[in-house]
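So that the names make sense, note that chain A is the first sequence line, chain B the second, and so on, each numbered from 1.
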2 protein chains.
Amino acid sequence: MTPPATASEAVPRDAPFEVISIRDLRVRCATCSMRELCLPVGLSPGELEQVDSAVASRRRLHKGDALYRAGEAFGALYAIRVGSLKTIVLAEDGREQVAGYHMLGDIIGLDGIGGERHGCDAIALEDAEVCVLPFERLEELARSVPALQHNLHRFIANEITRDHGVMLLLGSMRAEERVAAFLLSLSERYRQRGYSSTEFVLRMTREEIGSFLGLKLETVSRLFSRLQEAGIIRVGGRTIAINDLDALREVASGS
Amino acid sequence: MTPPATASEAVPRDAPFEVISIRDLRVRCATCSMRELCLPVGLSPGELEQVDSAVASRRRLHKGDALYRAGEAFGALYAIRVGSLKTIVLAEDGREQVAGYHMLGDIIGLDGIGGERHGCDAIALEDAEVCVLPFERLEELARSVPALQHNLHRFIANEITRDHGVMLLLGSMRAEERVAAFLLSLSERYRQRGYSSTEFVLRMTREEIGSFLGLKLETVSRLFSRLQEAGIIRVGGRTIAINDLDALREVASGS
DNA sequence: CGACTAGTTGAGGCCAGTCAATGTTGGTGG
DNA sequence: CCACCAACATTGACTGGCCTCAACTAGTCG
């Protein structure tokens with residue numbers, strides 16, 4: 001389904017320092033910039049080495065590629081190194097909904113844990129790269145490295161907590177509050193990753209944002225415009241600049 | 001906060017067979033009717049014994065009691081033996097939403113895993129009894145009993161999958177579809193537990209159901225009435241009888 | 001350049017919310 | 001046992017927020 005990420009993609013043609021390129025291909029948590037947000041946080045160097053040995057490979061995705069699809073056999077978790085993905089849940093009747101928006105440092109695929117199949121689609125919103133963490137190896141390793149087991153559990157809890165937040169948003173917030181809460185959530189997540197919390201680029205279309213928020217794309221567009229008229233944000237296509245974080249918080253909590 | 005479940009509650013005054021009563025107090029997975037739906041499913045007798053030794057105690061709850069509250073230190077998972085509970089997520093601004101409805105055989109408290117605190121309130125909807133599964137012991141045991149580790153993961157995945165289903169419901173279904181889907185979900189869960197799938201008693205008020213479904217209580221009431229007029233269900237206060245499961249499925253999927 | 005996708009904005013309709021009145025149920029105490 | 005009360009539930013009338021449908025613009029790609 002997805003074109004295999006061949007080595008030739010990672011190594012520029014005629015690369016003058018092939019040795020370095022090959023070493024880069026080898027995933028090494030110790031030098032990964034996402035180390036502090038990812039699974040190995042807090043592990044000793046020795047333990048880190050063990051995790052390294054469990055990481056099978058990286059996988060590159062082009063915009064629109066599926067990392068996995070609902071119903072596919074579950075075999076691994078994925079740590080996002082570069083780019084962003086959306087997850088989509090599908091109903092039997094064909095209805096679908098964006099369930100999550102995932103960016104670098106996030107671990108995805110947790111919904112497949114313990115079951116045999118993935119429960120949703122994960123689609124790249126832009127070119128992306130993930131570390132493949134074969135789950136059996138991870139489970140095995142977690143048995144001997146309690147800190148890893150604990151981190152794994154923490155990621156799981158985060159996922160559940162995040163989902164609960166979305167349920168609260170979908171179940172009890174009005175459209176304007178949802179949009180504001182969405183922007184605040186993005187702002188906070190970019191901040192945690194060291195990026196600007198007041199200016200960023202949306203990687204989803206209005207329709208995808210609407211699907212995530214339980215709204216129609218026109219409503220999302222209108223509310224962006226309304227927030228802009230109020231001077232709270234500036235919208236330039238997919239670029240969002242937040243002028244007044246506090247005002248946005250107030251909108252999110254229902255003025 | 002919750003009155004302690006004393007032994008005197010479990011042992012009738014002047015009980016003629018006190019020894020038996022005391023043995024009943026001791027939790028034993030091997031003889032538990034929920035064995036096949038609960039954490040130890042598929043474990044060998046020896047492994048079962050180990051789980052037994054990890055189960056600290058039971059806890060009894062009266063209607064309205066909190067099993068735990070958001071912000072409380074997380075220390076254990078809970079297996080529901082008798083009765084039912086709701087979980088509630090709370091926003092900073094005081095907004096709250098019913099996030100789940102849990103019945104016997106369910107494991108709750110998973111949102112606290114790995115974190116230090118619970119992320120929601122769990123409130124008994126009727127008198128209930130739970131097995132207390134101290135999480136540290138469980139984590140420890142999971143390291144030596146792969147089947148237990150696997151079951152634990154399966155429960156976690158179920159929780160995430162369930163939450164995704166709720167998000168789909170809240171984000172993309174209309175009111176009538178939500179109510180129908182809610183009844184179908186209850187029907188299915190009662191069926192799995194060996195109860196009637198076509199007649200059951202709701203343990204939640206209209207308001208709680210509404211909160212769970214992202215609707216107002218009046219809307220829930222109206223839609224119950226409408227489904228009754230259509231001959232699909234019969235409503236008698238909190239007793240629901242489903243006349244036509246297929247018709248209900250059709251409503252749930254958007255006629 | 002035309003076809004296509006993404007986004008914005010407006011007009012109007014409908015679904016679910018709000019407000020309000022009334023009915024029903026269950027628990028408590030006389 | 002009944003009276004009373006509070007909580008829960010039903011139903012109606014009206015409102016309004018979001019959806020639907022539609023027109024138009026801007027940017028992209030073959």
Exercise. Can you check the B/Ile209 CD1 to C/dA16 C1' distance for me, whole Å?
Worked result: 17 Å
Exercise. Parallel under 30°, tilted from 30 to 60°, perpendicular over 60°: which one fits the rings of A/Tyr190 and A/Phe200?
Worked result: parallel
Exercise. Nearest-Å distance, CZ (A/Arg238) to P (C/dG7)?
Worked result: 4 Å
For this session: State plainly whether the residues A/Arg191 and A/Glu188 are in salt-bridge range, i.e. N to O under 4.0 Å.
Result: yes
For this session: Heavy atoms under 4.0 Å is the rule here; annotate nucleotides 24-29 of chain C 5' to 3' with B where the base is hit, S where only the sugar-phosphate is, and - elsewhere.
Result: ------
Exercise. Is any NZ, NE, NH1 or NH2 atom of the basic residue among B/Arg117 and B/Asp111 found under 4.0 Å from an Asp or Glu carboxylate oxygen of the other?
Worked result: no
Problem set entry | N-O pairing of B/Arg226 and B/Glu176 below 4.0 Å | yes
Exercise. Between A/Glu208 (CD) and C/dA6 (P), how many Å, whole number?
Worked result: 8 Å
Exercise. How sharply is the helix from C/dC1-D/dG30 to C/dG30-D/dC1 bent, taking the axes over five pairs at either end and rounding to 10 degrees?
Worked result: 40°
Problem set entry | Electrostatic pair B/Asp127:B/Lys63 at N-O distance under 4.0 angstrom | no
Exercise. In B/S/- notation, 5' to 3', how is nucleotides 11-30 of chain D contacted by protein heavy atoms closer than 4.0 Å?
Worked result: BBB----SSBB---------
Exercise. For the pair made of CZ in A/Arg206 and C1' in C/dT5, what is the distance, rounded to whole Å?
Worked result: 14 Å
Exercise. When you check the gap from the basic side-chain N to the acidic O, do B/Lys86 and B/Asp121 get nearer than 4.0 Å?
Worked result: no
Exercise. Between A/Arg60 and A/Asp65, is there a salt bridge with N-O shorter than 4.0 Å?
Worked result: no
Problem set entry | Any residue meeting side chain to side chain contact (heavy atoms under 4.5 Å, CB included) with A/Thr205, in chain and number order, not counting sequence neighbours | A/Glu207, A/Glu208, A/Arg238
Show me, pair by pair, the donor-acceptor contacts under 3.5 angstrom made by side chains of residues 155-166 of chain A, not counting sequence neighbours?
residue  : atom : partner  : partner atom : Å
A/Thr161 : OG1  : A/Ala157 : O            : 2.9

Seminar exercise, completed: By side chain to side chain contact (heavy atoms under 4.5 Å, CB included), A/Arg174 pairs with (sequence neighbours left out) A/Glu177
